[in-house]
Amino acid sequence: MTPLLSLLLTILVVLAAAYLPGYVAVRALDGSRLLALALAPALAAAIAGISAVAASVLAWHWSMLPFLLGAAVLLAVAFGLRRLGVRLPSTILDGALSPRRAVPGGALWMIGALAVSLVPIAIRAGRPDAILERWDTLYHLSALQRIRETGDASSLHVGSVSNSAGDPTFYPAAFHALAAVVPGVTTPTLLNGTVLALAVVPWILGIALLARALFPTTGWAPFAAAITAALIPASPVDLWMHLSPVPNLSGFAALPGVIAAAAALWGALLPRFTLRPVVASLLVLGLAGAGLGLMHPNVAVTALILLTALTAVTGASSWRRRHWLVVVPVLTLLPVVLLSYTPLGSQVTGFNGGLVVQWWLALGEVALGLLTVWPMALGVVLAVLWWPGLISAFRTATWRWLAVAWVVIAVIYLDAALDSPLNLSTLYYRGQDRVSMPLAMLSAVLVVPGLQAWARLLVRSRGEARTPGAARADLRPARTVTVILVIAAVAAALSSVPSRSDNAAKNLAADYPGRGRFLQADERALFEQYVPEMDQDGTLLASPFSGGAHLYAMFGQDVRLPVAGMAYTDLDRQLIYATEDAATDPASCRVLEENGIHYVYQERMPYNRHTTSDSLNVAGPDLGIVLFETDHSRMIQIDCDPGDGSYDPA
């Protein structure tokens with residue numbers, strides 16, 4: 001199978017896994033087609049994440065089969081509940097996404113927007129198994145390889161890849177479990193295909209569904225929101241190029257659909273709560289929330305924050321008559337407070353770091369749409385659209401929660417940008433890059449009322465027609481203005497292509513000035529030529545900041561330190577330091593040999609400097625047999641025999 005076919009196969013299989021089980025489950029509970037599409041990706045993440053844990057407990061090898069068994073259990077529960085009369089209510093998402101021909105040539109416009117977003121990345125990548133030069137990419141490549149090697153995709157164990165002892169540690173692994181159901185594809189291609197599937201389709205479709213739920217009488221609203229979602233800077237695809245926090249961005253791509261479903265179900269239940277529809281709604285939303293959490297916990301945190309805004313703002317008018325409704329936003333916000341200000345979230349809240357900017361720069365980023373994830377001039381153009389939409393949303397009761405949610409997320413973004421002592425962004429690792437995605441999501445939806453506000457302004461500026469003849473004459477300037485605006489929109493979208501291409505080049509091109517590289521182009525070519533002939537059971541010792549660390553994910557070669565940022569054990573340090581004089585000191589060479597180290601990889605141009613791991617680069621070529629060498633790297637097969645008869649391999 002060619003690499004391109006492998007990529008397409010991965011995308012198709014992952015999309016099928018992401019949509020089919022959840023879609024059927026929601027339909028089994030009498031949910032509408034749009035409601036099922038909105039919830040499906042998050043439900044699939046829950047199926048994968050929970051089934052992987054169960055498979056690990058039962059000592060089953062993770063593959064498509066356990067995933068399908070998990071899906072079968074969910075479907076059995078859904079059909080069983082339906083027989084008991086537990087069904088989802090009719091919602092605003094019943095019916096079609098938009099009227100036919102609501103936007104002439106809509107499919108072509110959508111294809112064009114996707115091309116603007118994805119083609120620059122594809123060109124820079126050059127090959128389906130291209131490897132992004134980001135720290136997080138190396139982690140996720142190695143995590144996927146560990147799952148395929150061990151058959152264990154449990155979130156309770158996947159974190160073992162980050163320590164050489166193989167101790168199981170927690171890491172949310174629903175993304176990895178979904179990816180690992182695809183057989184027969186190389187790990188780099190598997191990662192790229194899964195990210196493309198989960199970062200693009202759920203994000204665009206979810207935002208279209210959110211617009212449909214909020215603006216049901218505006219036929220073109222889903223289309224406008226979808227186009228904006230494809231183009232807006234700080235989308236999940238942009239964050240993939242920027243930092244590559246893969247589970248995080250995949251979870252945020254599924255978030256819009258969950259919020260659309262929650263808004264639709266809440267709107268259906270708020271006038272009159274009845275037991276069975278409430279139970280069905282809580283079950284599907286709870287399982288979807290679990291799926292978001294198993295993608296990444298801070299996506300679930302964001303969902304809770306948005307649900308708090310939704311239920312508080314829309315339910316406030318009913319609090320006097322139904323006091324108990326106050327409990328709903330309290331319950332949705334409580335987990336966020338507990339995670340932020342108690343030891344429950346200590347694994348995240350203890351994190352220090354992140355990009356800190358001046359207050360006026362932070363305000364400018366939010367106000368001008370120049371968010372920290374690949375800021376582009378296009379973001380300013382879109383801000384001109386969503387700012388009027390934000391004002392309109394504040395003025396409209398049914399949309400007000402959306403405006404409140406935008407302000408809350410913007411405040412969290414500012415907290416992260418300023419590294420504020422309020423610690424509102426502590427569950428996001430104090431990083432505005434992650435907060436950028438939900439802010440972009442809300443901004444994309446606000447473009448709809450923004451366009452309506454601009455349209456009203458244009459109509460008023462033209463004046464009202466007083467006679468039928470004047471009305472017919474008045475169509476000409478309207479069409480002229482429309483054509484001008486369409487041309488301007490296309491030009492604005494195309495103007496972002498150079499920026500997107502340069503942003504992709506920073507982490508995909510073979511070389512980029514001022515940016516380090518884990519894996520150089522020439523050494524990758526040598527890897528593909530020589531590594532298949534190496535002893536697969538012989539351990540490679542290499543700096544995790546060098547290309548050698550990629551050999552685990554690319555070829556299955558045993559690598560002691562396959563992840564950047566690993567927690568070194570005392571033995572790790574002993575082995576690294578032993579390489580410095582192993583060529584001349586038999587005792588040091590014996591330490592390497594006794595611990596299964598067959599190869600040492602040296603890199604004079606590492607992605608990152610690290611005092612301990614840089615010791616690997618001290619030894620000369622006389623450590624053993626040089627298998628291959630470039631201007632900046634060297635692969636040595638250790639040979640402890642000095643050739644004088646003194647060597648005792650025992």
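FYI, the numbering just counts along the sequence from 1. Being a predicted model, the structure only gives us computed values, none of them experimental.
Between L144 and H176, some side-chain heavy-atom pair lies under the 4.5 Å cut-off. Side-chain contact between F175 and S250: present, with at least one pair of heavy atoms (C-beta onward) separated by less than 4.5 Å. Side-chain contact between L304 and L333 is absent, with no heavy atoms from C-beta onward closer than 4.5 Å. A 4.5 Å side-chain heavy-atom check between R127 and P3 finds every atom pair outside the cut-off. Between L265 and P89, the closest side-chain pair of non-hydrogen atoms falls below 4.5 Å. In this structure, I412 and Q432 have side chains that are not in contact, with every pair of non-hydrogen atoms separated by 4.5 Å or more. Between S436 and T372 there is a side-chain heavy-atom pair separated by less than 4.5 Å. Taking 4.5 Å as the limit, some side-chain heavy atom of P277 sits within range of a side-chain heavy atom of L269.
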Pair up each side-chain donor or acceptor in residues 284-302 with any protein partner under 3.5 Å, not counting sequence neighbours, and list the distances.
residue : atom : partner : partner atom : Å
H296    : ND1  : N248    : ND2          : 3.4
H296    : ND1  : N298    : N            : 3.3
H296    : ND1  : N298    : OD1          : 3.4
N298    : OD1  : N248    : ND2          : 2.8
T302    : OG1  : N298    : O            : 2.8
T302    : OG1  : Y428    : OH           : 2.6

Let me have the donor-acceptor pairs involving side chains of residues 376-396, under 3.5 Å, with sequence neighbours excluded, atom names and distances please.
residue : atom : partner : partner atom : Å
W387    : NE1  : A367    : O            : 2.7
S392    : OG   : P388    : O            : 3.1
T396    : OG1  : S392    : O            : 2.9

Report, one line per pair, each donor and acceptor closer than 3.5 Å where one atom sits in a side chain of residues 487-496; sequence neighbours left out.
residue : atom : partner : partner atom : Å
S495    : OG   : A492    : O            : 2.5
S496    : OG   : A493    : O            : 2.7
S496    : OG   : R500    : NE           : 2.9

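Although no hydrogens or angles enter the test, the distance criterion places no donor-acceptor pair under 3.5 Å between the side chain of T187 and the main chain of L141. A distance-only check finds no donor-acceptor pair linking the side chain of R124 to the backbone of A509 [under 3.5 Å]. Between the side chain of N192 and the main chain of A130, a donor-acceptor pair closer than 3.5 Å is present.
One finds the CE atom of M241 at 9.5 Å from the CG atom of L249 (value rounded to the nearest 0.5 Å). Rounding to the nearest 0.5 Å places CG of L402 at 7.0 Å from CG of L210. Rounding to the nearest 0.5 Å gives a distance of 8.5 Å between CG of L442 and CD1 of I207. Atom CG of D238 and atom CG of L243 lie 11.5 Å apart (nearest 0.5 Å). Atom CG of L310 sits about 7.5 Å away from atom CD1 of I259, to the nearest 0.5 Å. From L93, atom CG reaches atom CG of L88 across 11.5 Å, with rounding to the nearest 0.5 Å.
Residues satisfying the side-chain contact (heavy atoms from CB on, under 4.5 Å) test with L20, not counting sequence neighbours, are A16. Looking at residues two or more places apart in sequence or on another chain, you find no salt bridge (charged side-chain N to carboxylate O under 4.0 Å, His left out) involving D136. The salt bridge (charged side-chain N to carboxylate O under 4.0 Å, His left out) check on D30 picks up R82, R87, with sequence neighbours excluded. The ring-ring contact (aromatic ring centres under 6.0 Å, His included) search around F67 returns none, not counting sequence neighbours. Every side-chain contact (heavy atoms from CB on, under 4.5 Å) that L15 has, sequence neighbours left out, goes to I11, Y19, A197, V201. Under the salt bridge (charged side-chain N to carboxylate O under 4.0 Å, His left out) criterion, R515 pairs with no residue at all, not counting sequence neighbours.
Sorted pairs that involve residues 97-122 and meet side-chain hydrogen bond (donor to acceptor under 3.5 Å, both in side chains), not counting sequence neighbours, are lacking altogether. Applying the side-chain hydrogen bond (donor to acceptor under 3.5 Å, both in side chains) test to every pair with at least one member in residues 399-418, sequence neighbours left out, gives these pairs: E365-Y413, W406-S443, D415-S420, D415-S425. Sorted by first then second residue, the side-chain hydrogen bond (donor to acceptor under 3.5 Å, both in side chains) pairs that include residues 198-220, not counting sequence neighbours, are T218-Q452.
Side-chain contact, T189 with S6: no donor N or O sits under 3.5 Å from an acceptor N or O.
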Go through it in stages, so that I can follow the logic: the residues are L196 and W240, the test is side-chain contact (heavy atoms from CB on, under 4.5 Å), and I'd like the CA-CA distance, side-chain angles, deciding distance and then a yes or no. CA-CA 9 Å; L196 282 171; W240 180 34; 3.8 Å; yes

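The 12-atom threshold is not exceeded at CZ of R33, counting heavy atoms of other residues, nucleotides or ligands nearer than 6.0 Å.
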